[in-house]
Chemist: 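To start, I am sharing the structure in question, which I have written as structure tokens.
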Amino acid sequence: MKNKQKTNKGTEKKNPVSVFFSSAGQYIKTKYPFLLLLFIGYIAVSALVFAKITTSETVESFSIDDFEIGQISDRTIIAEKSIPADDANPVTIVAGEKIIRKGFAITEEAYAKLQKMIASPLYIDYRAFANKLLYLLCVSIMYYLLFSLLPFGRKIKLQEPLLQIIFLLILFFAAAFGSKLPICSTPYSLCIIIPASLFAMIITILYGQSSAALFSFVMAFAVLGSGNWDIVPFLYTLATSLCSVAIVRKVERRIDLVFAGIILALTDLVFFVLLIVIFNETFAPNIKLFLGILCNGFLSGILTLGLLTPLEYMLNTASVFRLMDLSDTNAALLKKMCITASGTYQHSMMVSQLAEFACREIGANPLIARVGGYYHDIGKIDQSEYFVENQQGESERKNDINPNLYTTIIKSHVKKGIEKARQMHLPQVIIDIISEHHGNSVIQYFYQEAKEKDPTLSPEDFAYPGRPPASKESGVVMLADTVEAACHTLKNPSIPRLETFITTLINAKIEAHQLDYCDLTYRDLTKIKESFVQILAGFYHSRIEYPDQQDPDAEKKPEQPKPAEPERPAAQKPKKAAEKNGK
């Protein structure tokens with residue numbers, strides 16, 4: 001009976017409400033930094049909306065331009081507060097008074113009272129404020145869902161949405177209060193002060209085109225809700241932002257941003273002219289805005305060039321320009337590696353070449369793989385003599401040190417590499433490659449050697465302290481590191497032997513569960529193997545031997561004295577000699 005009761009309790013269904021709140025609580029617990037940041041951003045934008053509403057000429061979300069004297073009103077407006085008469089407008093408003101009535105004509109007195117309500121600081125158009133808050137709430141939910149659900153192929157860090165929310169606040173402020181400037185009083189003139197292209201270019205370079213394209217839609221909807229729901233600034237912001245993403249997504253040099261600014265200026269002007277034509281506006285009053293549109297596009301490229309460097313270092317992002325700077329082999333740390341650990345330096349150069357070529361084949365980021373290959377072994381610099389690629393001749397330290405101690409030294413290069421990378425303020429994606437390029441695999445050589453002396457040893461004692469690769473680039477660097485090191489032991493490295501050997505090495509990593517979290521498919525692994533074989537086959541190619549080439553290791557044999565010619569019998573002497581003797 002007791003067993004039956006226990007079984008019933010075990011199979012009893014959980015309350016759906018409790019399951020929902022438990023799941024929601026767990027979700028909030030893991031996502032609370034992003035949710036908190038989004039909430040703070042929403043409150044900040046709401047404050048800007050409130051400031052906009054208190055200074056705007058609206059009543060119950062309708063502009064004063066919607067009313068005219070003698071017009072038949074299609075709504076009834078009731079005063080919420082009493083407003084006394086003043087010198088500017090001598091009419092008096094009593095709380096609860098019907099200012100205009102639906103179906104009746106608007107009188108001069110009623111129109112004067114509407115103007116007084118709008119101009120008075122005592123009156124706040126709460127209906128318009130509520131409408132804007134609901135709209136912004138919908139945009140915030142859309143932004144959160146898209147940003148959370150879309151596959152960006154990388155881990156999203158809090159600094160990215162933080163920068164985007166700051167940009168949104170600046171954009172909303174410019175669009176909301178810029179319309180109060182006399183030069184930006186029309187929807188078309190407002191386009192010249194919207195910095196959407198600037199923000200889209202920065203986000204593209206820092207975080208990629210996917211994130212920037214999503215942010216472009218969010219910026220466009222923010223501009224739409226910042227003013228009087230004008231469609232022209234919305235379309236202009238969306239078009240120019242997406243165009244900015246397309247222009248700068250392939251730039252590799254900082255000077256390219258100047259040319260990008262020129263191209264963007266011309267493109268913005270084309271979009272602006274198209275909007276004028278589509279909405280049947282006349283060119284005469286808008287021609288003077290052409291110069292402002294051109295300046296907006298060009299200055300976006302110039303300001304991106306100026307703001308990018310401080311943002312790269314503040315946010316520690318792996319932008320294309322930052323990675324290009326780090327890929328310079330004249331960097332101080334790489335020069336030090338070349339001098340103190342020449343074998344490790346040559347190994348790193350080869351790993352970076354293999355990883356870059358493989359990532360290009362599978363669609364991963366080749367620049368990240370190249371820089372990760374350069375710096376993945378920087379932890380070996382301080383104790384370079386303990387690593388076989390830096391040892392000369394037969395002087396191998398591992399023969400003189402206990403396997404456990406030697407393993408500790410070998411494993412420490414991962415931790416030291418991470419420390420050096422943080423001191424250099426390298427991007428986190430490069431630090432991850434340094435941490436993950438050995439995963440948590442076992443150092444088999446020393447484990448087997450130590451196990452012969454003590455069979456009770458655990459493999460975990462000889463495992464690297466890192467974690468398996470979590471990105472494609474990190475996984476490729478791990479494979480390139482393994483293949484480059486192992487292929488030095490391969491005799492007669494022909495293409496078939498390289499293919500078989502590399503396949504064995506990759507399968508060993510799969511069986512050791514080192515590639516479980518880096519999203520590399522079997523198709524990717526096939527392409528990676530083929531790219532490795534192609535590079536290594538060229539590296540290990542053979543040459544013909546020169547005719548006078550000698551083996552420098554071959555010892556010269558001492559010259560042997562020629563044996564004395566045996567004396568021949570007289571009868572066997574040459575005929576000429578016999579004739580000579582006869583003479």
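Not measured: the values here are computed from a predicted model. Residue indices begin at 1 and follow the sequence shown.
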Chemist: In Å and rounded to the nearest 0.5 Å, what is the CZ to CZ distance from Phe259 to Arg253?
Modeler: 7.5 Å

Chemist: Near Phe34 CZ, under 6.0 Å, is it more than 12 heavy atoms from other residues, nucleotides or ligands?
Modeler: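 Above 12, so yes.
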
Chemist: Given side chains that start at C-beta, do those of Leu168 and Val45 come closer than 4.5 Å, heavy atoms only?
Modeler: no

Chemist: Less than 4.5 Å apart, side chain to side chain, heavy atoms only: is that true for Lys472 and Cys518?
Modeler: no

Chemist: Got Val245 and Ser216 here, is their nearest side-chain heavy-atom distance under 4.5 Å?
Modeler: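 Yes, close enough: below the 4.5 Å cut-off.
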
Chemist: Keeping Thr526 on the side-chain end and Tyr522 on the backbone end, is there a donor-acceptor pair under 3.5 Å?
Modeler: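 Indeed, once roles are kept as given, a pair shorter than 3.5 Å links the two residues.
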
Chemist: May I ask you to check whether over 12 heavy atoms, not counting those of Phe217, lie within 6.0 Å of atom CZ?
Modeler: no

Chemist: Can a salt bridge be assigned to the pair Lys420 and Asp382 using a cut-off of 4.0 Å between side-chain N and carboxylate O?
Modeler: yes

Chemist: Kindly say whether Ile293 contributes a backbone atom to a donor-acceptor pair with the side chain of Asn296 at under 3.5 angstrom?
Modeler: no

Chemist: Closest approach of Leu257 and Leu308, non-hydrogen atoms and distance?
Modeler: CD1-CD2, 4.3 Å

Chemist: Determine whether Leu294 and Asp268 satisfy the following criterion, side-chain contact (heavy atoms from CB on, under 4.5 Å), listing intermediate values before the conclusion.
Modeler: CA-CA 7 Å; Leu294 291 172; Asp268 288 356; over 6 Å; no

Chemist: Is the closest side-chain donor-acceptor distance between Ser531 and Arg360 under 3.5 Å?
Modeler: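 Judged by distance alone, the side chains do not pair up.
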
Chemist: Could you grab the distance from atom CD1 of Ile381 to atom CZ of Phe387, nearest 0.5 Å is fine?
Modeler: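 Ile381 atom CD1 to Phe387 atom CZ measures 11.0 Å (nearest 0.5 Å).
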
Chemist: If you define the side chain from C-beta out and look only at heavy atoms, does anything of Phe532 sit under 4.5 Å from Ile528?
Modeler: yes

Chemist: Quick one: does Ser474's side chain have a donor or acceptor within less than 3.5 Å of a partner on Ser471's backbone?
Modeler: no

Chemist: side-chain contact (heavy atoms from CB on, under 4.5 Å), that's the test. Do Val442 and Tyr464 meet it? Break it down for me.
Modeler: CA-CA 6 Å; Val442 177; Tyr464 284 100; over 6 Å; no

Chemist: Please examine the side chains of Ile362 and Leu520, heavy atoms only from C-beta on, and report whether any two atoms are closer than 4.5 Å.
Modeler: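 When only atoms from C-beta onward are counted, Ile362 and Leu520 do touch, with a gap below 4.5 Å.
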
Chemist: How close do Glu436 and Ala470 get, counting heavy atoms only, and between which atoms?
Modeler: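 Between these two residues, the closest heavy atoms are OE1-N, 3.1 Å.
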
Chemist: What is the distance from atom CG of Leu171 to atom CD1 of Ile166, rounded to the nearest 0.5 Å?
Modeler: 13.5 Å

Chemist: With side-chain contact (heavy atoms from CB on, under 4.5 Å) as the test, would you mind laying out the steps for Phe321 and Val251 before giving the verdict?
Modeler: CA-CA 9 Å; Phe321 301 131; Val251 296; 3.7 Å; yes

Chemist: How many angstroms lie between atom CD1 of Ile165 and atom CD1 of Ile170, to the nearest 0.5 angstrom?
Modeler: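 If I round to the nearest 0.5 Å, the distance is 12.5 Å.
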
Chemist: Let me see the working for Tyr207 and Gln164 under side chain to side chain donor-acceptor pair (under 3.5 Å), right down to the final yes or no.
Modeler: CA-CA 11 Å; Tyr207 296 109; Gln164 292 186 1; over 6 Å; no

Chemist: Suppose the criterion is ring-ring contact (aromatic ring centres under 6.0 Å, His included): which pairs have a residue in residues 352-375, not counting sequence neighbours?
Modeler: none

Chemist: What distance do Leu525 atom CG and Glu530 atom CD have between them, rounded to the nearest 0.5 Å?
Modeler: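 So the gap between those two atoms works out to 11.0 Å.
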
Chemist: Is any NZ, NE, NH1 or NH2 atom of the basic residue among Lys509 and Asp516 found under 4.0 Å from an Asp or Glu carboxylate oxygen of the other?
Modeler: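 Salt bridge between Lys509 and Asp516, a charged N being under 4.0 Å from a carboxylate O: no.
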
Chemist: Quick check against the 3.5 Å criterion: does Glu356 have a side-chain atom that pairs as donor or acceptor with the backbone of Pro366?
Modeler: no

Chemist: Should Met201 and Leu303 count as side-chain neighbours, where that means a heavy-atom distance under 4.5 Å?
Modeler: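 Sidechains of Leu303 and Met201: no contact.
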
Chemist: Pairing donors with acceptors under 3.5 angstrom, does anything connect the side chains of Asn440 and Gln514?
Modeler: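 Short answer, yes.
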
Chemist: Looking only at heavy atoms, which two atoms of Ile205 and Ser319 are closest? And how far apart?
Modeler: O-CB, 3.3 Å

Chemist: Look up atom OH in Tyr345 and atom CE in Met337, then write down how far apart they are to the nearest 0.5 Å.
Modeler: 9.0 Å

Chemist: Give the ring-plane orientation class for His413 versus His438, where under 30° counts as parallel, over 60° as perpendicular and anything between as tilted.
Modeler: perpendicular

Chemist: Is a donor on one side and an acceptor on the other found under 3.5 Å between the side chain of Ser244 and the backbone of Thr240?
Modeler: yes

Chemist: Check whether any side-chain N or O of Ser435 sits under 3.5 Å from a backbone N or O of Asp432 as a donor-acceptor pair, and report yes or no.
Modeler: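 Side chain of Ser435 to backbone of Asp432, a donor-acceptor pair under 3.5 Å: no, none is there.
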
Chemist: Heavy-atom distance under 4.5 Å between the side chains of Phe271 and Cys243, does that happen here?
Modeler: yes

Chemist: Give a yes or no on whether the backbone of Thr503 and the side-chain of Asn507 come within a donor-acceptor separation of less than 3.5 Å.
Modeler: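 Here the side-chain-to-backbone pair exists.
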
Chemist: Should the ring pair Phe199 and Phe167 be called parallel, tilted or perpendicular, given that the plane angle runs from 0 to 90° and is split at 30 and 60?
Modeler: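 Parallel.
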
Chemist: Considering residues at least two apart in sequence or located in another chain, which fulfil the side-chain hydrogen bond (donor to acceptor under 3.5 Å, both in side chains) criterion with Thr504?
Modeler: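 side-chain hydrogen bond (donor to acceptor under 3.5 Å, both in side chains) list for Thr504, sorted by chain: empty.
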
Chemist: Evaluate the criterion side-chain contact (heavy atoms from CB on, under 4.5 Å) for residue pair Ile192 and Leu291; output intermediate values, then yes/no.
Modeler: CA-CA 9 Å; Ile192 66 176; Leu291 180 61; over 6 Å; no

Chemist: What ring-ring contact (aromatic ring centres under 6.0 Å, His included) pairs are there with at least one residue in residues 233-256, not counting sequence neighbours?
Modeler: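 For residues 233-256: Phe221-Phe234.
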
Chemist: For the residue pair Ser352 and Met349, what are the closest heavy atoms and their distance?
Modeler: OG-O, 2.7 Å

Chemist: Testing the basics here: between Thr329 and Lys335, what is the closest heavy-atom pair and its distance to 0.1 Å?
Modeler: O-CG, 4.2 Å

Chemist: Does the pair Arg523/Glu361 count as a salt bridge with the N-to-O cut at 4.0 Å?
Modeler: no

Chemist: Cation-pi between Arg322 and Tyr313: NZ/CZ under 6.0 Å from ring centre and within 45° of the ring axis?
Modeler: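 Yes, Arg322 sits over the ring of Tyr313.
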
Chemist: Is the closest side-chain heavy-atom distance between Leu315 and Lys157 below 4.5 Å?
Modeler: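 They are not in contact (no side-chain heavy atoms under 4.5 Å apart), so the answer is no.
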
Chemist: Crowded around Lys416 NZ? As in, over 12 foreign heavy atoms under 6.0 Å?
Modeler: yes

Chemist: Might you point out which heavy atoms bring Ser327 and Arg370 nearest each other, and give the distance in Å?
Modeler: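 Heavy atoms of Ser327 and Arg370 come nearest at OG-NH1, 3.4 Å.
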
Chemist: Crowded around Leu146 CG? As in, over 12 foreign heavy atoms under 6.0 Å?
Modeler: yes

Chemist: Are more than 12 heavy atoms from other residues, nucleotides or ligands located less than 6.0 Å from atom OH of Tyr517?
Modeler: no

Chemist: One pair to check against salt bridge (Lys or Arg N to Asp or Glu O under 4.0 Å): Asp377 and Lys380. What are the steps and the verdict?
Modeler: CA-CA 6 Å; Asp377 269 346; Lys380 293 182 179 180; 3.2 Å; yes

